[in-house]
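Below you will find the structure I want to go over with you.
Just so we're on the same page: letters track the sequence lines, and every chain starts at 1. Predicted, not measured: the structure shown is a model, and the values here were computed from it.
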Amino acid sequence: MEDLNAGPYATRRADAGSGVADAVVHEVARLLRRLAVDPDFADVIDLRSLPMADADRASLRQRLGDGEIDAALNLAGLTRIRDTAYSGVWWARHADADNRCVLEQIIVARVPELLMAHLADIDAAAVRLSLELSRAQGKPEHA
Amino acid sequence: MPEAMLLGDLLRQMGISRRAFLKYASYMASLMALPPSVAGVMADGLAKARRQAVIWLSLQECTGCTESLTRSFSPSLEDLIFDFISLDYHHTLQAASGEAAEAARRQSMRENRGKYLVVVDGSVPTADGGVYSVIAGRTNMDMLAETVEHAAAVIAVGTCASFGGLPQADPNPTGAVAITKLVSGKPVINIPGCPPMPQAMAGTITHFLSFGTLPELDALQRPRAFFGETIHDRCYRRSFYERGMFAKSFDDEGARQGWCLYELGCKGPVTYNACASLKWNGGVSFPIQSGHGCIGCSEPRFWDRGGLYRPLSAGTTDVGKVIGIAAAAGAALGAGAAALARQRRASTSAKEA
């Protein structure tokens, strides 16, 4: 299939950075200072909502760099959450089942909420595991 | 009964964790231009909601709206909306037919009285007693009146249901009207488009489920999150418009260079929709990116506005009266279109105030 994002129908808009990346880095720095004094603080920047050219996005990604963690979550499509060179700053890319990016975010938090197990899921898991043990030991099942 | 369970518990049994809710809510919040911090609240709201009973009436329509909403989805994130609702009646999609189908509709109305959503695609013929479209021996007018009576809200999907659409085009032989002409005393949300964007439909229902309220609407009762800007506002060819660089035919050098399609009849400057930002077919493209101007399908009376290939500068039956157009091109017309857009925003604000 022809790539509609290339060739004669592609935008001829200049792909040079517009300066949005600079503004985002300043915003990240502000949020990170808040996290430094309040460990419970968390905030998210929705990159999709910003008028960013590809060059802006690449510049931003480069400036934030890579950290130690690269988490892949299979949630109705792949989500990758990577920490950046700045501890507490995370880059999240959410894709659908066809690996099309549907959302990109910068998360400022000790741990992104998406990585934490939810209490309701933990409750259900505890019940399931107890049942599994009961079955394995031949005991009557109980919740 | 599964319908009585909370969505969070129900979907967990299907292997869908709260993380998936949070991802879905983050995506929807972004689509609807809500603050990212709302995603957690939205996910919690969804998890605590129950499956929403939906009765879908297909009236004087072509089934394009249903096709848009079902076939455009690959197995993807948006599919989750189908786990959030209980589609109790949809005569194109349901397995039951005849008396059994109608019994399912009446049962859902009875069991979910005051809580169910009615989705309607297609206009309603009213001429000659409404005989031009009949389902199960009953006119569309009759079935609509009965079904919406105890509904929580009505969502008019597609331009036919929202504004009358193609069936209402001159000379409108069947007396087709929009849903808002026949439904009163209920919230009615219009999601126009021929077909409408599936994200707008999913976003509206998700908002209702999560917060128990309908999203903010514009003067034409469209969700502002998806219809708050014109196609022109977000068009990637706009830079050519600003510089007065227009394709003169569909095969000239300007067209090949991706110049603005304004002079080829593009209605982007007066059309409110999200095609230019969300795009179609999983974000692949939208009409302008494929080389054809916007036909303005999410606006009232788009079929009767002087022709799909006639530039706005040549005047249209509706818009021309407002803009007072001569054969001006480029920036001059842009000012007229912008004035129209401002006027609409002003009237919206006045209505809301």
Enter the distance from Q105(A):CD to Y27(B):OH here, rounded to the nearest 0.5 Å.
13.0 Å

Do K23(B) side-chain atoms and A95(A) backbone N/O form a donor-acceptor pair below 3.5 Å?
yes

Region of L73(A) that comes under 4.5 Å of a non-hydrogen atom in chain B:
side chain

Derivation of the side-chain contact (heavy atoms from CB on, under 4.5 Å) call for Y24(B) and H94(A):
CA-CA 10 Å; Y24(B) 178 80; H94(A) 304 277; over 6 Å; no

Point-to-point distance, once rounded to the nearest 0.5 Å, from OG of S17(B) to CG of D121(A):
5.0 Å

Can you say whether R19(B) sits under 4.5 Å from chain A via the side chain, the backbone, both, or neither, judging by heavy atoms?
both

What are the two closest non-hydrogen atoms of A20(B) and L75(A), and how far apart are they?
N-CD2, 3.9 Å

Are more than 12 heavy atoms, taken from residues, nucleotides or ligands other than R234(B), located less than 6.0 Å from that residue's CZ atom?
no

Full working for side-chain contact (heavy atoms from CB on, under 4.5 Å) between S26(B) and V44(A)
CA-CA 10 Å; S26(B) 299; V44(A) 179; over 6 Å; no

More than 12 heavy atoms from other groups under 6.0 Å of CZ on F211(B)
yes

For the candidates T79(A), L114(A), N74(A), which exhibits the highest count of non-hydrogen atom pairs separated by less than 4.5 Å from chain B?
L114(A)

Surrounding CD of Q137(A) (heavy atoms of other residues, nucleotides or ligands, distance under 6.0 Å), is the total greater than 12?
yes

Heavy-atom distances under 4.5 Å only: say whether A117(A) touches chain B with side chain, backbone, both or neither.
both

Tell me every residue that passes side-chain hydrogen bond (donor to acceptor under 3.5 Å, both in side chains) with D44(B), counting only those two or more places apart in sequence or in another chain.
R18(B)

May I have the list of side-chain donor-acceptor pairs in residues 26-37 of chain A shorter than 3.5 Å, sequence neighbours left out?
residue: E27(A); atom: OE1; partner: R30(A); partner atom: NE; Å: 3.3
residue: E27(A); atom: OE2; partner: R30(A); partner atom: NH2; Å: 2.9

Spacing of M116(A) atom CE and L22(B) atom CG [to the nearest 0.5 Å]
9.5 Å

